[in-house]
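Here is the structure we will look at.
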Protein chains: 2
Amino acid sequence: MTTVSRVKRGRKFDQVLEGARTVFLRDGFDGASVDDITREAGVSKATLYSYFPDKRLLFLEVAKGECRRQAETAVEFDDTDSAPEMVLMIAGRRIAELASSDFGRSVFRVCVAEAERFPEVGHEFYKSGPGLVRQRLIAYLEGAIARGQLAIDDIPLAAAQFAELCRAEVHVRRLFHLDETFSAKRRDGIVRGAVEMFMSRYGVQRRD
Amino acid sequence: MTTVSRVKRGRKFDQVLEGARTVFLRDGFDGASVDDITREAGVSKATLYSYFPDKRLLFLEVAKGECRRQAETAVEFDDTDSAPEMVLMIAGRRIAELASSDFGRSVFRVCVAEAERFPEVGHEFYKSGPGLVRQRLIAYLEGAIARGQLAIDDIPLAAAQFAELCRAEVHVRRLFHLDETFSAKRRDGIVRGAVEMFMSRYGVQRRD
DNA sequence: CGGACAATAGACCGCTTGGTTCAGTTCCGG
DNA sequence: CCGGAACTGAACCAAGCGGTCTATTGTCCG
């Protein structure tokens, strides 16, 4: 049971955080009023302010939490023994999925909007999103090179390129509401294009 | 004393727009107060409101103007007869420059932040930025294919891929303040990587 | 030179915001 | 079932907001 430090101080702590999450991701920092948040959380203002000294800190807490959630959805590389085409296809799908999801879009939007005012949010976002993906891709690519499956000189660049290719169009068009959804099919086409391009540049042997 | 005998109506119109531009790009829509803008513009509130009925409309005007400015800086393709490597290298440099410039970053940030509240701003941004680049790239690629310089099946995808490759890392790292500047050298490296990748996928003949 | 009139500065208004306070209510372990 | 901590709801505050209004300035033309 979570009886240890749980019940100590704050029965409604999670409610507050959850409400803040909803409202901040929907309306941004300025767009969200504290009253909105309390209403959404089903909690009184005094309760909210008993947990968080001010709106700023509450926002930072939420933002960091969302970045952590984002990190959890990031790519992982398990079956590193398969052909790079397969591994990259699966990884690319994850990247494209996040880029086109409502969650990914909201977090991105809010972090971009507030990165000037809250630089730490910007860093956290990068570290838990694009940065983490990049890092894991690099690790995989190094392995694949060692295994003789790929030939890459500038590994960090290659990692960035692949990730960027998987987000091509998807990200931007979702951000600016040019497409409200991306079908798995359409996403797959883009990811396949990314893999083909990547392999034709860095693959050690041609395949038809 | 003003030696200028100008059109009476609108002496300070440009001042207002310029001040609004500065403040909106720096602080966003909510972050910018009308008083900030008048102060920056060196103009009174009544003057501002004699030109624009409200803050919303002023913002829209500024946003559209910035998108237009952005469009002016977009790639153009003149010397379409050179080798694709050269043409793409030059185009890619332009893309990477805009992505890493303060101007490009500010406009992007503000448009992302407000695309929810002002959908037209989002559309305008896409149309005058990534969309325009994409469109011109497509036109160029079609020509290059006709000339037998390239072999591409999905042209729009290829265009998106190239643009995205040129922005790899640059854009994201600037957005979230991981790098305050990108040297021309570093940018060139990324663009060169983009061109190499693009050519190894879509070039009709291999070159070493 | 002077009267008409548009452009201006900035005081002003109503309203919302973030944040505080407090008298009372609910919850829960002992 | 008691006592104290957690929670509530509403009232309240100062500050700042977008937007308006008026008194004043500057300019043009007869």
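All values reported here derive from a predicted model rather than from experimental measurement.
- Rounding to whole angstrom units, CG of residue A:Asp27 and P of C:dT17 are separated by 11 Å.
- Residue A:Tyr51 places at least one side-chain N or O under 4.0 Å from the OP1 or OP2 atom of D:dC7.
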Side-chain donor-acceptor distances from residues 94-104 of chain A under 3.5 Å, at least two apart:
{"residue": "A:Arg94", "atom": "NH2", "partner": "A:Thr73", "partner atom": "O", "Å": "3.1"}
{"residue": "A:Arg94", "atom": "NH2", "partner": "A:Ala74", "partner atom": "O", "Å": "3.3"}
{"residue": "A:Ser100", "atom": "OG", "partner": "A:Ala96", "partner atom": "O", "Å": "3.3"}
{"residue": "A:Ser100", "atom": "OG", "partner": "A:Glu97", "partner atom": "O", "Å": "3.3"}
{"residue": "A:Ser100", "atom": "OG", "partner": "A:Arg187", "partner atom": "NE", "Å": "3.4"}
{"residue": "A:Ser101", "atom": "OG", "partner": "A:Leu98", "partner atom": "O", "Å": "2.9"}
{"residue": "A:Ser101", "atom": "OG", "partner": "A:Gly104", "partner atom": "N", "Å": "2.9"}
{"residue": "A:Asp102", "atom": "OD1", "partner": "A:Arg105", "partner atom": "NH2", "Å": "3.3"}
{"residue": "A:Asp102", "atom": "OD1", "partner": "A:Arg174", "partner atom": "NH2", "Å": "2.6"}

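- For A:Asp30, the salt bridge (charged side-chain N to carboxylate O under 4.0 Å, His left out) partners at least two apart in sequence or on another chain are A:Arg117.
- B:Tyr51 has its ring centre less than 6.0 Å from the ring centre of B:Phe13.
- If you measure from atom NZ of A:Lys12 to atom P of D:dA6, you get 14 Å, rounded to the nearest angstrom.
- Ring centroid separation for the pair A:Phe108 and A:His171 comes in under the 6.0 Å cut-off.
- Under the side chain to side chain contact (heavy atoms under 4.5 Å, CB included) criterion, A:Ala139 pairs with no residue, sequence neighbours left out.
- Between the side chains of A:Thr47 and A:Ser44, at least one donor-acceptor pair of N or O atoms lies under 3.5 Å.
- When only modelled atom types and interatomic distance are considered, B:Tyr202 and B:Gln149 share no side-chain donor-acceptor pair under 3.5 Å.
- Against DNA chain D, the stretch residues 30-39 of chain B makes heavy-atom approaches under 4.0 Å through B:Ala32, B:Ser33, B:Val34.
- Residue A:Ser44 places no side-chain N or O under 4.0 Å from the OP1 or OP2 atom of D:dG9.
- Remark: B:Lys64 pairs with B:Arg68, B:Glu120, B:Glu124 by the side chain to side chain contact (heavy atoms under 4.5 Å, CB included) rule, at least two apart or across chains.
- Going from atom CZ of A:Phe24 over to atom C1' of C:dG18 covers 11 Å, rounded to whole Å.
- Atom CZ of A:Arg56 is separated from atom P of C:dG19 by 10 Å (rounded to the nearest Å).
- Residues of residues 109-120 of chain A that place a heavy atom closer than 4.0 Å to DNA chain D do not occur.
- Rounded to whole Å, atom C1' of D:dC17 lies 11 Å from atom CZ of B:Phe29.
- Going from atom CZ of A:Arg11 over to atom C1' of D:dG4 covers 12 Å, rounded to whole Å.
- Note: OH (B:Tyr49) to P (D:dT22) measures 18 Å, nearest angstrom.
- Here B:Phe118 and B:Phe125 keep their ring centres 6.0 angstrom or further from each other.
- Atom-to-atom, NZ of B:Lys55 to C1' of D:dG16 comes out at 11 Å; the value is rounded to the nearest Å.
- Base contact: B:Lys45 has a heavy atom under 4.0 Å from a base atom.
- Side chain of B:Thr47, nearest nucleotide from D:dG19, C:dT8, D:dC7: C:dT8.
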